[in-house]
Amino acid sequence: MTELIAQAGDTVAIANDHAGIELKSMLRQDLEGMGFKVLDLGTATTDSVDYPDYGHALARAIAEKKAKAGIAICGTGIGISIAANRHAGVRAALVHDDMTARMAREHNDANIIAMGARIVPPDSARALVKTFFATKFEGGRHARRVEKLG
Ligand code: RB5
């Protein structure tokens, strides 16, 4: 086993569109409870916004090392994860259950967990975030594969 994506005291960024407002505020509290500093990149209201703006902002925060890891939320999690994954070195994993949250870390060394606020119930989403941050990348053959992602 190698390492966790972030340790207590590290900064974790979170970004969402209008569909993710409620889930974001729950997750912010959970992240703080886990000892992380939170960089909230918005959006902050339910006014309709464009998810790529938030996915790109989150990816830039990771690429520029302003945050160790990130959480991306839109209605399905699809659009915001597509946007984030257009940045080199960013690996956003769209997860929906315990296995995908674990494998995103163990095999893919994902640095962003993406979820759909209209897909995953809030309590499940909170559990998936805990799993994601508690799971180490396995390295080994997976490191070679992750390297090939660019
Ligand atoms: C917004 O209505 C919705 O399209 C967005 O939240 C997301 O699901 C896109 O992938």
Side-chain angles (χ1 to χ4, degrees), residues 4-6 10-138 142-143 145-150:
L4 296 172
I5 189 68
D10 286 339
T11 298
V12 171
I14 189 162
N16 58 280
D17 75 358
H18 49 280
I21 286 291
E22 283 182 32
L23 181 55
K24 186 260 286 289
S25 54
M26 289 181 220
L27 294 177
R28 270 195 66 143
Q29 289 182 22
D30 289 349
L31 290 172
E32 284 163 3
M34 292 158 73
F36 297 126
K37 293 176 199 145
V38 179
L39 174 62
D40 187 343
L41 298 168
T43 187
T45 75
T46 53
D47 293 348
S48 184
V49 293
D50 298 334
Y51 58 80
D53 296 337
Y54 297 88
H56 290 311
L58 181 59
R60 279 195 294 271
I62 303 289
E64 292 167 6
K65 301 195 188 310
K66 291 180 181 149
K68 276 289 195 59
I71 300 179
I73 310 163
C74 66
T76 58
I78 296 171
I80 199 163
S81 59
I82 291 173
N85 277 321
R86 296 179 71 82
H87 297 250
V90 171
R91 295 176 298 281
L94 177 55
V95 312
H96 55 271
D97 60 12
D98 186 68
M99 173 135 185
T100 49
R102 257 188 320 106
M103 297 303 265
R105 290 288 313 127
E106 287 181 0
H107 286 193
N108 309 113
D109 198 18
N111 45 21
I112 293 177
I113 175 172
M115 293 177 294
R118 295 173 179 154
I119 306 294
V120 182
D123 284 347
S124 304
R126 297 172 72 185
L128 299 184
V129 165
K130 289 207 168 70
T131 297
F132 183 85
F133 284 102
T135 305
K136 293 177 176 174
F137 177 47
E138 281 184 5
H142 302 296
R145 294 164 185 167
V146 167
E147 185 68 25
K148 289 183 178 183
L149 289 172

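All values below were derived from every heavy atom in this structure, side-chain atoms included, with hydrogens, water molecules and symmetry-related copies excluded. When a residue number appears, it is its place in the shown sequence, counting from 1. When a ligand or atom number is given, it counts from 1 through the structure's own listing order.
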Just list the N/O pairs, ligand 1 to protein, that are under 3.5 Å apart, with the distance for each.
unit_1: ligand 1; atom_1: 2 (O); unit_2: Arg118; atom_2: NH1; d: 3.3
unit_1: ligand 1; atom_1: 6 (O); unit_2: Asp17; atom_2: OD2; d: 2.5
unit_1: ligand 1; atom_1: 6 (O); unit_2: Gly75; atom_2: N; d: 2.7
unit_1: ligand 1; atom_1: 8 (O); unit_2: Gly75; atom_2: N; d: 3.3
unit_1: ligand 1; atom_1: 8 (O); unit_2: Thr76; atom_2: N; d: 2.9
unit_1: ligand 1; atom_1: 8 (O); unit_2: Thr76; atom_2: OG1; d: 3.2
unit_1: ligand 1; atom_1: 10 (O); unit_2: Thr76; atom_2: OG1; d: 3.3
unit_1: ligand 1; atom_1: 10 (O); unit_2: Gly79; atom_2: N; d: 2.9

Is any side-chain heavy atom of Ile80 closer than 4.5 Å to a side-chain heavy atom of Leu58?
no
Around atom CD of Glu32, are there more than 12 heavy atoms of other residues, nucleotides or ligands at under 6.0 Å?
yes
Describe, in one word, how the ring planes of His142 and His107 are oriented to each other, choosing from parallel (under 30°), tilted (30 to 60°) and perpendicular (over 60°).
parallel
Would you indicate whether the side-chain heavy atoms of Asp17 and Asp50 approach each other to under 4.5 Å?
no
Do Asn16 and Lys24 touch side chain to side chain, with heavy atoms closer than 4.5 Å?
yes
Side chains of Arg105 and Thr131: does their closest heavy-atom pair fall under 4.5 Å?
no
